[in-house]
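Throughout, a chain's letter reflects where its sequence line sits, starting with A, and its residues are numbered from 1.
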Amino acid sequence: MSEDSPGLAHHFDSYEQQKDSATLGMWTFLVTEILFFGGLFAAYGLYRTSYPAAFRAGSHELDITLGCFNTVVLIASSLTMALAVRGGQTGRGKLASVLLVLTMVLGTVFLVVKGFEYHDKFVHHHIPGPSFHFEGPESNHVQMFFVLYFAMTGLHALHMIIGILLVGYVAKRAWSGAYTPQNYNFLEGTGLYWHFVDLVWIFLFPLLYLIGRH
Amino acid sequence: MSVSSHVQPLKTYFGIFGALMILTALTVGAAFINLGPANNFVALAIAVLKSTLVILYFMHVKGNTKLVPVIILSGVFFLFILFLLLAADYGTRGWLGVPGR
Amino acid sequence: MIPSSPVLPDQASDVARSVDHLMLFALSGLVVFSTLIAVLVLVFMVKYRRTSANQVGIDIYETNPKSHILELVWSVIPLGLLLVLFGWGTKVFFEQNRPPAGAAQYWVTGRQWMWKIQHPDGRREINELHVPVGRAVQLKMISEDVIHDFFVPAFRIHVDVLPSRYTTYWFKANRTGTFHLFCGQYCGVEHSKMVGSIIVMEPRAYEAWLAGEKTGPSATGVASGEELFVSKSCNTCHRPDSSARAPVLNGLWGTQVSLNDGTKAVANDDYIRESILNPGAKVVQGYQPVMPTFRGQISEEELIQLVNHIKSLKGAPAEAGK
Amino acid sequence: MTTTPSTLPDGGPRTHYLNAAYGLKSWLLTRDHKRIALLYLVSVSVFFALGGFMAVLIRMELATPEGDFFQPDIYNRLFTMHGVLMIFFFLIPGIPAVLGNFLIPLMIGAKDLAFPRINLFSWYLYSIGGALTLWALLHGGVDTGWTFYTPLSTNYVSTSVLTVGVGIFIAGFSSILTGLNFVVTIHRMRAPGMTWFRLPLFVWGHYATSIIQILGTPVVAITILLIAAERVFHVGVFDPKIGGDPVLFQHLFWFYSHPAVYIMILPAMGVISELVATFSRKPIFGYKFVAFASIGIAVLGFLVWGHHMFVAGQSIYAGVIFSVLSMLVAVPSAIKVFNWTATLYKGSISWDTPMLYALGFIGLFTIGGLTGVMLATLGIDAHVHDTYFIIAHFHYIMVGGAIMGYLGGLHYWWPKITGRMYPVFWSKLSALVVFVGFNVTFFPQFILGYLGMPRRYHSYPPEFQVLNVMSSAGATVLGLGYLMPLIYFTWSMRYGPKAPANPWGATGLEWQTTSPPPVLNFETPPVVTTAPYTYPVAANAPEVRSV
Ligand code: HEA
Ligand code: HEA
Ligand code: CUA
Ligand SMILES: [Cu+2]
């Protein structure tokens with residue numbers, strides 16, 4: 001790390017090389033995430049085509065209003081995140097930090113709402129397992145719907161939690177002015193991650209909540 | 001070329017946010033109308049559109065090097081392969097007319 | 001039984017012969033190509049041995065315009081051969097999988113760690129299957145627990161036995177003898193003990209065996225389908241009279257059934273099994289989904305009995321979808 | 001071979017990456033890719049020895065038809081842990097994380113990988129995953145087979161599936177991060193003048209490998225997670241009771257695990273390309289063809305997973321599709337073998353130890369690959385599926401191919417890595433012993449398989465004994481063959497003669513720096529001006545082989 005180029009790691013020749021590497025690395029990581037969720041989506045696709053009626057029935061048990069609300073919350077958090085990254089890009093660390101805290105708040109709101117939804121499932125015995133209960137013809141296939149529902153939203157929620165922690169860390173660094181227009185790569189990477197979590201939800205919402213509402 | 005050359009105007013961010021909101025409303029609305037099998041298609045098409053907007057603008061893929069879209073598309077492509085060949089199995093079961101083959 | 005040759009297992013069916021011919025073809029390909037490579041490599045190694053410390057090889061690729069043609073040749077020739085192998089292999093595979101019409105139907109239930117086999121006449125055996133030579137035999141197989149696999153090397157085919165649906169194995173033994181039956185899919189601790197034999201007999205000896213065997217249908221403790229139909233009280237709903245709440249099952253097997261959601265299904269073994277375990281999944285048009293599930297209350301073997309029973313119910317086809 | 005100074009011209013000792021710092025901490029906290037590679041070398045060797053030890057026990061049991069040494073449940077744990085350790089903890093990380101890690105930055109003229117910290121982190125992930133697996137081993141191990149087929153693995157066995165699953169999951173992330181690091185490094189860190197078509201084929205091989213690591217591993221990660229969840233909650237995606245399909249598990253598992261076999265072979269192929277070029281002193285015949293063949297194998301490799309499921313209850317039409325696609329993936333492999341052979345033509349071939357291993361690779365890989373083609377033929381696979389024919393097929397490729405490549409690579413770059421030479425006679429002998437022992441071990445298994453001996457059998461019908469005894473005897477020889485490099489490599493680190501910078505007279509940037517290299521790899525930043533394998537490089541006027 002030479003004195004005249006703060007924040008440039010020893011093995012890079014230029015800031016540009018460093019930034020390009022960071023961006024590329026983060027995107028490559030996100031591609032692995034796509035395939036990670038992809039396995040679940042494959043299972044979902046298969047079972048949904050096999051048991052359409054049961055999946056419709058299961059989907060009707062979900063609260064579409066809450067789902068909708070959460071979608072809006074998450075997209076709003078993406079906006080604040082995008083603006084925070086812009087703040088980093090233009091060298092306004094304090095602004096970025098505030099926006100990041102806002103992002104965290106929105107993310108937490110999402111999780112709290114999700115928690116209420118989970119609680120509701122618990123009350124109605126819709127947690128898969130021995131205590132699962134569903135009135136209706138294909139209760140075992142409805143249970144499969146809920147297995148997938150919990151697997152997919154649970155994994156998504158886990159990503160949210162990691163995201164919130166990460167954003168908190170970045171907010172702290174941003175406040176103390178750690179990011180410069182030359183090197184805000186960590187902030188940018190966290191932003192990409194956050195948007196990715198949003199993207200997953202953009203697919204989960206219609207797939208889980210909106211089947212055959214009419 | 002300076003590193004921070006891709007600053008997008010604020011207008012873009014808010015515009016995209018608005019578009020995402022409208023699309024969310026659309027997808028919910030479409031779910032309540034009976035379009036037959038098209039329901040699924042519409043829901044997915046809107047989701048793809050929304051994610052494209054997020055990727056291009058919020059995630060700055062527009063204006064970045066061409067390598068990034070290539071990487072994303074290769075991920076999507078291999079996911080598609082997974083779906084396609086799974087369908088090749090589940091879609092052709094029973095064609096032979098011999099159960100279980 | 002000792003294999004008839006040290007490198008070939010018994011060849012006890014026509015399919016086995018087809019597989020061996022295919023194998024011979026593939027094997028000659030292997031020998032030709034691996035010899036070719038080995039010989040070329042060794043010859044070059046010796047012939048172009050380095051003879052002095054500073055010697056350098058000659059780049060023949062850039063200087064020779066024919067290089068690309070050469071590369072094309074050794075891409076296209078293997079590809080051609082591979083496609084031939086693929087075509088031939090696929091032909092044999094269909095032979096292995098498509099039972100001839102009118103094959104006698106046996107049922108196989110796999111469980112940790114034994115094979116339970118039922119003859120068309122209801123006779124049952126464990127880990128043994130007696131069949132007459134020359135008769136096409138079709139096995140409908142299901143597992144009560146994990147995945148198993150029915151493997152008789154002498155017939156040259158494997159088929160997995162799944163816990164979720166019926167799979168099919170068929171063979172026509174063309175010589176008598178006792179052949180190994182292996183479980184070919186790892187299934188837990190005693191996997192290697194899940195073995196048995198296929199005993200192929202002269203038709204006359206087979207008749208004698210049948211006559212001599214004491215094991216009647218009920219001797220193994222599994223009730224017949226007819227009894228089950230009563231004892232599981234299927235008949236309280238499925239009655240031939242018109243006041244019944246459920247479709248008549250007579251003549252159902254093999255027909256097209258219209259379902260509530262507008263689709264159709266063929267009433268085959270899997271359909272009937274599903275109807276008993278998951279009645280709600282495919283509801284017959286015009287009926288309420290009131291049939292209870294029998295999952296957990298009925299074993300795979302009992303299911304087989306029921307399927308067989310329903311299959312045997314002749315009469316006017318159920319007026320499904322009226 | 002004593003000309004290269006191990007001391008600076010002024011007489012002081014030269015600092016290189018090995019003597020730049022001392023102490024355990026300087027190793028465990030290092031971010032130098034070369035040191036991390038050595039960390040991997042040690043851990044990977046431990047797992048190989050453990051896996052090999054289990055193989056020896058397996059072969060011991062199979063020497064007699066009855067199950068007399070172990071109870072069946074112990075035997076089942078043995079082959080499961082053998083498979084798990086060898087695949088996930090030895091061969092998948094093996095070449096990439098040891099040789100790739102060490103050499104890729106050197107070969108492309110970079111100071112390090114793009115993310116040195118992540119590189120170290122992935123070694124820790126690997127170690128944690130490995131430690132968990134070993135911990136599970138001490139607490140009973142697993143007995144599901146390395147393939148973890150449901151519902152056996154989820155509902156029926158009572159062994160440590162969960163722990164091992166988590167171990168593999170964590171190690172999987174290590175593999176992903178290694179691949180990620182390589183991709184970014186190869187894209188972004190190349191030295192001036194190092195264009196794509198000047199990259200050594202070793203780098204191309206690793207690039208292709210990384211693609212698979214990045215795109216395939218996540219799918220197996222989620223699949224294993226689902227298995228773990230099903231074991232914890234007693235209900236899950238593959239549970240037939242709620243309409244789940246056990247065959248779906250197999251699809252998801254093989255979507256990764258077939259491409260994973262190319263994770264194991266592509267780096268070895270990269271090594272062989274280097275060896276063949278160096279020891280023939282001429283460019284690889286059809287460089288671009290070979291480079292694209294690597295990418296072709298990686299991409300096509302994703303399309304063929306169903307060939308493990310021909311008889312698993314998959315639709316037979318899907319079987320037909322997967323069969324023809326599997327045939328296609330054999331073509332780029334064939335191209336490579338033929339191009340290597342053609343490279344030898346009119347070369348200046350030396351018989352150094354690495355070259356002997358390369359020879360062994362070509363022969364054994366060809367047999368392993370061609371038997372793979374037989375397996376891809378539907379009619380044959382329906383008979384030999386899950387018999388010893390399969391065992392023979394993949395040991396031919398993985399032990400005969402990949403490990404030969406790995407050992408060849410180690411012998412080739414050992415002077416660069418340690419700055420020491422190893423004894424020539426012993427190394428040539430070990431190559432011979434490994435080759436002979438290998439064939440005696442695994443050739444009989446082809447016959448056994450065709451005769452119908454099923455795999456994963458703890459006891460077997462007595463007529464199979466003769467061939468099994470041969471196989472067990474071979475395994476002993478093979479084990480000795482592997483022991484020898486272990487001993488003389490260890491010996492050479494202290495007592496071996498000092499190695500010059502470029503003992504083989506090879507091209508490639510890694511040979512232009514000193515042995516062992518300095519901390520930042522090059523004293524002066526390299527600039528590349530020629531295609532790879534451009535001979536002559538010898539300082540004295542070279543003589544070109546006369547026609
Ligand atoms: C490094 C590991 C590796 C590699 C590279 C391969 C390579 C190949 N494998 Fe193998 N395979 C395994 C490891 C590997 N395999 C393992 C571990 C299993 C068992 C898993 C388990 O169940 O536990 C397995 C199982 C397996 C099966 C399933 C068998 C079964 O369970 O029923 C099949 C079926 O198609 C198969 C096919 C192939 C093919 C077509 C190739 C091809 O890529 C080979 C291509 C190479 C060549 C073709 C040789 C070179 C070519 C020439 C010299 C030129 C001449 C060529 C022609 C004329 C064609 N393999
Ligand atoms: C990279 C992968 C790899 C490697 C290298 C090996 C190496 C070997 N394998 Fe294995 N094998 C697999 C991967 C591998 N295997 C897999 C995936 C399976 C399937 C598992 C399943 O069914 O789930 C399998 C299964 C398998 C079986 C079938 C078991 C069964 O189905 O019942 C057999 C039987 O012979 C076998 C034998 C051997 C032998 C003799 C070696 C030899 O090459 C090993 C030689 C090595 C040594 C002998 C060790 C060297 C010695 C030292 C380094 C000295 C230090 C040692 C000590 C101090 C102990 N293997
Ligand atoms: Cu049943 Cu193996
Ligand atoms: Cu494969």
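- Annotation: maximal heavy-atom pairing with chain C below 4.5 Å, among Ala334(D), Gly379(D), Gly67(D), occurs at Gly379(D).
- Partners of Tyr149(D) by ring-ring contact (aromatic ring centres under 6.0 Å, His included), not counting sequence neighbours: none found.
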Could you go through the side-chain hydrogen bond (donor to acceptor under 3.5 Å, both in side chains) check for Asn76(D) and Tyr186(C) one step at a time? CA-CA 9 Å; Asn76(D) 296 344; Tyr186(C) 178 66; 3.1 Å; yes
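- Between Phe182(C) and Phe464(D), the angle of the ring planes lies from 30° to 60°, which puts this pair in the tilted group.
- Looking at every heavy atom in both residues, Lys282(D) comes nearest to Ile58(C) through CE-O, 2.8 Å.
- Tyr345(D) and Tyr48(C) have perpendicular rings, their planes meeting at more than 60° on a 0 to 90° scale where under 30° would count as parallel.
- Atoms OG and CZ, from Ser164(C) and Phe238(D) in turn, are 13.0 Å apart once rounded to the nearest 0.5 Å.
- Side-chain contact check for Tyr450(D) versus Val19(C): some heavy-atom pair is nearer than 4.5 Å.
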What verdict does the side chain to side chain contact (heavy atoms under 4.5 Å, CB included) test give for Asn339(D) and Trp74(C), after you've listed the backbone C-alpha separation in whole Å, the side-chain angles of each residue and the deciding distance to 0.1 Å?
CA-CA 9 Å; Asn339(D) 281 39; Trp74(C) 67 53; 2.9 Å; yes
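- Of all heavy-atom pairs between Arg50(C) and Thr278(D), the closest is NH2-O, 3.8 Å.
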### Task
Step by step, work out the side chain to side chain contact (heavy atoms under 4.5 Å, CB included) result for Leu83(C) and Val324(D).
CA-CA 7 Å; Leu83(C) 290 180; Val324(D) 72; 4.0 Å; yes
Derivation and outcome, side chain to side chain contact (heavy atoms under 4.5 Å, CB included), residues Trp351(D) and Val46(C)
CA-CA 10 Å; Trp351(D) 289 55; Val46(C) 173; 4.2 Å; yes
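- Across all non-hydrogen atoms, the minimal contact from Glu71(C) to Gly286(D) is OE2-CA, 3.2 Å.
- With a 4.5 Å cut-off on side-chain heavy atoms, Ser348(D) and Thr51(C) do not count as touching.
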For the pair Arg165(C) and Val247(D), evaluate side chain to side chain contact (heavy atoms under 4.5 Å, CB included) and give the outcome as yes or no after the intermediate values. CA-CA 11 Å; Arg165(C) 60 196 157 86; Val247(D) 177; 4.1 Å; yes
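- For chain C, the option among Val337(D), Val331(D), Thr387(D) with the highest count of heavy-atom pairs below 4.5 Å is Val331(D).
- Atom-to-atom distance recorded for His191(C):NE2 and Arg456(D):CZ is 7.5 Å, nearest 0.5 angstrom.
- Contact count against chain C (heavy-atom pairs under 4.5 Å) is highest for Ile380(D) among Asp73(D), Ile380(D), Thr366(D), Ile447(D).
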